[in-house]
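Numbering of ligands and ligand atoms starts at 1, following listing order.
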Amino acid sequence: LDQPRPRPECAAARAAEFPHLSDVVYLNTASYGPQPQSALAETRAFEDRRAAVQLRPEDFGAAVDRARTACAALIAADPAEIALVPNTSVGLNLAAALLRQGAGNAASASGAGSAGSANRRAIVLPDTEFPANVYPWMALERDGFRVERQALAGGVPDEDALVERVARGDVAALAISAVQFSSGHAADLTRLGAACREYGTLFVVDAIQAVGSMPLDVHAARIDVLASGAHKWLCSPFGTGFTYVRRELVQQFEPDLPGWLAFESSADFESLVDYTWDFWPDARRFEVGSLAIQGFIGLAVAAELITGIGLPVIREHSLALQRPLTEWAEGRDGFRCLTGSREHQSSIVSIRTDTAAELSAALAERGIVTVAREGAVRFAPHFFNTMEEVRSVVDVLDSLTDRA
Ligand SMILES: Cc1ncc(COP(=O)(O)O)c(C=O)c1O
């Protein structure tokens, strides 16, 4: 295999868009990403027009259309499959609502829900999912569903066991993170999605730790619902995100929370009080009321920057930056890197050690920003980080651990 290399496009984007990154070595995008200057400039221009009460018609509909299109491009979806939402949790709760309405049966290869929703009550998740992808499913236990947490194998989701479990034919939904928040393990979405489609299981993906850091193709992976916030790898404002709903499912289901803008009739502001029950045929039907337009302007510009650099380019750059870290941990007593084969690598490198909190704090004192999560130091380099930064981190790790 060719060795991944740092990419010049990434260095150019750092120079143009992120003037504040030389003060520290920022390796914490898995918590939140910095906003690019171009996104801040467009957001400020919008806010300035608003302050001057000079907003134009295109500051509304066109701005959010642009955000839906930019989000769709990140995951190879159609913009009609994208609902703009404030965070991951809203999308996962939307998936749970679809399940309550019978989507676990309607997802079957044979088509529309003939099995009857009473047949399938199991909701399967790997153990140690981020809580955003657990509580919405636990809430469905009030409706007679049963959450099963599948044991990990070697600290990561056991995909063989998940596929076998789905193949028993009674699983309503499988919900998994595209990239697990603490280990950084990237799931084989194509494999899991194929099993789910074959056995009529709704396939739900929490993608906040993946979108913007690697190419994703929701149709190829047969994902039914994908939920993502945008403040991490998409470098977008807090309170912005999107939910993808597979186009065949969009029209089969109605939102539990009907927002007025979810109805086609509300597009005519001259005549709002007809109350015709006509949900948009696309995923806008799942959006609830007025959106945080200024935030979605920031999201659109940042997402366009990322697709402009290219997700395969960002992926290669990130894999290159990880190597010094994984090599440092390999064979070192008391340190274990959970990173597996390249297909299971994400942009997160987690180094497990008994002293994770102390090590992360010692790195912080030296201007290196990481976090300790679940007994590991989590390093999360993105496209704006450089090989020089990562090498300097390895030097600091050497000095800290030699002394210990
Ligand atoms: C896997 C995962 N899901 C969800 C979230 C956050 O959920 P939300 O966007 O609803 O705040 C995080 C991190 O904060 C995460 O790591």
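Considering L397, L27, V25, V371 as possible partners of L363, the one that fulfils the side-chain contact (heavy atoms from CB on, under 4.5 Å) test is L397.
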Measure from every N or O atom of ligand 1 to the protein's N or O atoms and keep only the pairs below 3.5 Å, writing each with atom names and distance to 0.1 Å.
unit_1: ligand 1; atom_1: 3 (N); unit_2: D206; atom_2: OD1; d: 3.3
unit_1: ligand 1; atom_1: 3 (N); unit_2: D206; atom_2: OD2; d: 2.6
unit_1: ligand 1; atom_1: 9 (O); unit_2: T88; atom_2: N; d: 3.0
unit_1: ligand 1; atom_1: 9 (O); unit_2: T88; atom_2: OG1; d: 2.6
unit_1: ligand 1; atom_1: 10 (O); unit_2: T88; atom_2: N; d: 3.4
unit_1: ligand 1; atom_1: 10 (O); unit_2: S89; atom_2: N; d: 2.8
unit_1: ligand 1; atom_1: 10 (O); unit_2: S89; atom_2: OG; d: 2.5
unit_1: ligand 1; atom_1: 14 (O); unit_2: K232; atom_2: NZ; d: 2.9
unit_1: ligand 1; atom_1: 16 (O); unit_2: Q209; atom_2: NE2; d: 2.9

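For F18 and F383, the ring centers are positioned less than 6.0 Å apart.
At a threshold of 4.0 Å, the pair R165-E148 counts as salt-bridged, since one of the basic side-chain nitrogens sits closer than that to a carboxylate oxygen.
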Given the rule in the side-chain hydrogen bond (donor to acceptor under 3.5 Å, both in side chains) test, do E47 and T43 qualify, once you have shown the distances and angles that lead to the verdict?
-> CA-CA 6 Å; E47 296 285 28; T43 308; over 6 Å; no
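Between F238 and Y32, the two ring planes are tilted [angle within 30° to 60°].
Seen from the ring of F384, R14 does not count as a face-on cation partner, given the 6.0 Å and 45° thresholds.
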